[in-house]
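To start, the structure under review is shown below, and the notes come after it.
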Amino acid sequence: MLVSDAKVWPGDVTGFAVENGRFSQVGGDLKGGEWAGHTILPGFIDAHCHILPTGLDLLKLNLSSCWTENEVLDAVRDWLPNIEPGQWLHATQYDQNRWGSHLSRHQLDKVSNEIPILLRHSNGHASVANTAALRAAGVEHETPDMEGGEYVRDENGELTGVLLEKAHERVTSKAPEPSLDEMVAGILRAGESMAGYGITSATDMMTGRWDLAKELEAYRLASEQGCKIRLRMYMQWREVLGNGAIEPALLQELISAMDEPKCKVLGLKVFADGAIGSATAAIYDRFVTTGGQGRLIYSPEKLAQIIADIDAAGWRCSVHTIGDRSTDLVMEAYEKTRDPKIHRIEHAMILSDTQIERMAKLGSHVTMQPEFLYRFGHAYRAQLPDGIWQNLKRVRSVLDAGISLSFNSDRPIVAGDPWDGIRSATNRPEGFTSVEAVSIEEGIDLYTRGGAVANFEDDELGMIEVGYRADFQVRKGGTDGELVAVYKEEERTI
Ligand SMILES: [Zn+2]
């Protein structure tokens with residue numbers, strides 16, 4: 001394949017040749033190729049997202065086009081025939097603010113008394129269930145509310161079906177696990193959607209949420225069935241090294257059956273703290289709403305032990321740490337590993353100058369998700385003291401300190417278009433310090449080459465250079481112009 005008379009990012013090269021799936025010539029005298037007049041970028045690499053959950057959500061009934069109660073009820077009724085025996089009808093993007101008050105379980109019961117129905121609020125913190133769903137989840141008239149959650153009741157004390165926070169989570173968790181076929185369909189659907197943004201590789205950051213063996217099998221099958229993106233996985237550490245972990249021989253078998261480099265496992269994932277919006281990130285300061293300092297998922301000793309075990313077992317480690325307090329603990333544990341450069345730090349949203357210095361010495365790769373500022377900026381302001389929230393995601397300082405960094409989405413928490421992330425980092429939302437902004441060129445680099453670095457494969461992905469695998473996107477006009485084609489190893493996916 002030949003591309004010529006185009007603008008090939010980032011340089012002044014106007015074309016390239018591809019042979020056997022790799023760039024065989026970049027620049028030089030090339031004429032008569034495809035995509036003249038277009039801008040060509042390496043494929044975006046989203047090195048921190050949740051592929052299977054994204055796909056499963058996309059397979060659910062989406063209520064975002066419903067603006068009245070009746071439209072919601074009609075959409076749910078029309079969707080019923082799609083539900084397999086024993087499964088629940090899940091809908092997403094329910095939002096009662098569009099018409100006033102919540103639907104009740106009685107309204108949903110009229111649609112179905114037998115199939116459990118659960119409508120998830122677009123904010124992800126609430127849902128409405130029909131009686132069948134409450135019954136299946138074991139929620140009864142007498143069931144008491146739990147801390148941090150509520151089964152909403154009417155003036156007569158009857159359950160309305162509206163579930164808030166922990167109550168919503170508990171009922172949601174009682175839904176049957178997706179089948180292998182559903183998982184494969186979900187991954188394929190996620191791949192299609194991501195490719196539609198110019199993404200050519202994505203990394204699932206919590207494989208083993210339901211059943212590790214089944215999920216790894218689903219990723220392998222989706223890849224074999226032509227998934228439009230390369231699939232990378234970090235597995236929940238517990239499912240590999242915790243109590244009741246997967247049989248090592250079975251894990252080995254599942255991993256070696258994968259068709260690298262289309263599909264592969266990268267390492268193990270650990271959570272060190274929570275999030276800012278829920279005041280659960282472990283911080284040195286205090287949250288405005290709760291007066292607390294958030295919470296560590298594990299004691300400092302236990303976290304250090306988990307990381308040491310992962311390192312000793314020869315796995316790469318990746319730790320979710322949002323607060324500055326937990327990030328110090330992660331760095332302390334990483335400093336004791338054989339090679340901190342093979343381990344990753346996820347999020348690191350709050351960082352002091354001293355911590356940035358320490359991180360630079362450490363050498364671990366850091367991933368950041370700039371789209372968060374754009375989507376959750378209001379929640380960060382409400383939760384964190386003045387002087388702290390303005391400085392979230394110190395991208396500029398991290399880069400200037402020479403720390404290895406990448407941009408990613410954490411989809412489905414956000415919509416996940418890399419351009420939304422890049423714009424949020426180049427033009428930080430109002431109130432957030434502009435000194436931490438980066439240029440568009442840097443943003444693209446962090447979402448392409450940076451992603452390849454995060455996935456430990458920057459020797460063959462993330463750049464348009466001789467010898468690299470030919471993953472690239474074609475845009476009309478400039479770098480953020482309309483996407484017209486995506487290629488994964490020379491093969492056109494979009
Ligand atoms: Zn995540």
Side-chain angles (χ1 to χ4, degrees), residues 44-58 92 123-125 169 172-173 186-187 190-191 193-194 197 199 201-210 212 215 219 229 231-240 265-278 280-282 294-298 303 306 310 316-323 326-327 330 343-350 364-376 379-380 392-393 395 405-418 420-421 424-425 446-447 450-451 454-455:
F44 284 130
I45 296 175
D46 190 346
H48 182 133
C49 61
H50 300 272
I51 303 171
L52 177 56
T54 295
L56 292 174
D57 266 9
L58 291 170
T92 63
N123 69 14
H125 293 266
E169 286 168 25
T172 305
S173 73
I187 295 163
S193 166
M194 291 179 187
Y197 288 144
I199 293 169
S201 299
T203 309
D204 182 80
M205 292 309 293
M206 204 169 104
T207 313
R209 183 183 287 254
W210 290 279
L212 180 59
E215 290 169 47
Y219 278 105
I229 54 169
L231 301 165
R232 307 286 180 257
M233 285 81 78
Y234 268 92
M235 306 177 288
Q236 284 240 66
W237 78 270
R238 224 181 249 294
E239 303 304 314
V240 178
V265 163
L266 295 178
L268 305 190
K269 171 80 179 286
V270 181
F271 280 81
D273 69 347
I276 295 172
S278 48
T280 51
R295 71 187 176 99
L296 296 166
I297 306 277
Y298 306 103
L303 177 69
I306 294 169
I310 291 172
R316 291 191 192 102
C317 182
S318 140
V319 184
H320 163 117
T321 170
I322 290 195
S326 55
T327 298
V330 174
H343 303 309
R344 275 174 42 172
I345 295 176
E346 312 298 316
H347 311 303
M349 288 182 64
I350 306 175
S364 302
H365 181 84
V366 179
T367 71
M368 287 195 184
Q369 300 71 29
E371 192 182 346
F372 281 19
L373 287 189
Y374 175 47
R375 305 275 172 197
F376 310 122
Y380 299 156
L392 289 174
K393 299 199 182 287
V395 174
L405 177 72
S406 62
F407 278 171
N408 7 81
S409 73
D410 217 354
R411 188 179 179 181
I413 294 173
V414 297
D417 180 344
D420 286 342
S424 182
L446 293 170
Y447 233 125
N455 287 345

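One-based numbering along the sequence shown. The model shown is predicted, which means the values in this text are computed figures rather than measured ones. Whatever order the structure lists them in is the order used to number ligands and atoms, beginning at 1.
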Taking backbone and side chain together, does Cys49 place any N/O/S atom at a distance below 2.8 Å from the Zn ion (ligand 1)?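 Not a single backbone or side-chain N, O or S atom of Cys49 is under 2.8 Å from the Zn ion (ligand 1).
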So does His48 have any N/O/S atom less than 2.8 Å away from the Zn ion (ligand 1)?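 Yes, His48 qualifies, because one of its backbone or side-chain N, O or S atoms lies under 2.8 Å.
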Once you round to the nearest 0.5 Å, how far does OH of Tyr219 lie from CD1 of Ile187?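 The OH atom of Tyr219 sits 5.0 Å away from the CD1 atom of Ile187.
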Glu215 side chain to Gly208 backbone, donor-acceptor under 3.5 Å: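 At least one qualifying donor-acceptor pair exists.
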Indicate yes or no for a side-chain donor-acceptor contact from Ser424 to the backbone of Asp420 under 3.5 Å, with no hydrogens or angles considered.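 No, the answer is negative, given that no donor and acceptor are paired below the 3.5 Å cut-off.
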Positive for side-chain hydrogen bond (donor to acceptor under 3.5 Å, both in side chains) with Asn408, one of Gln369, His48, Glu371: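 Among the candidates, only Gln369 passes.
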Shortest-distance N, O or S atom of Asp410 relative to the Zn ion (ligand 1):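 This residue's closest N, O or S atom turns out to be OD1.
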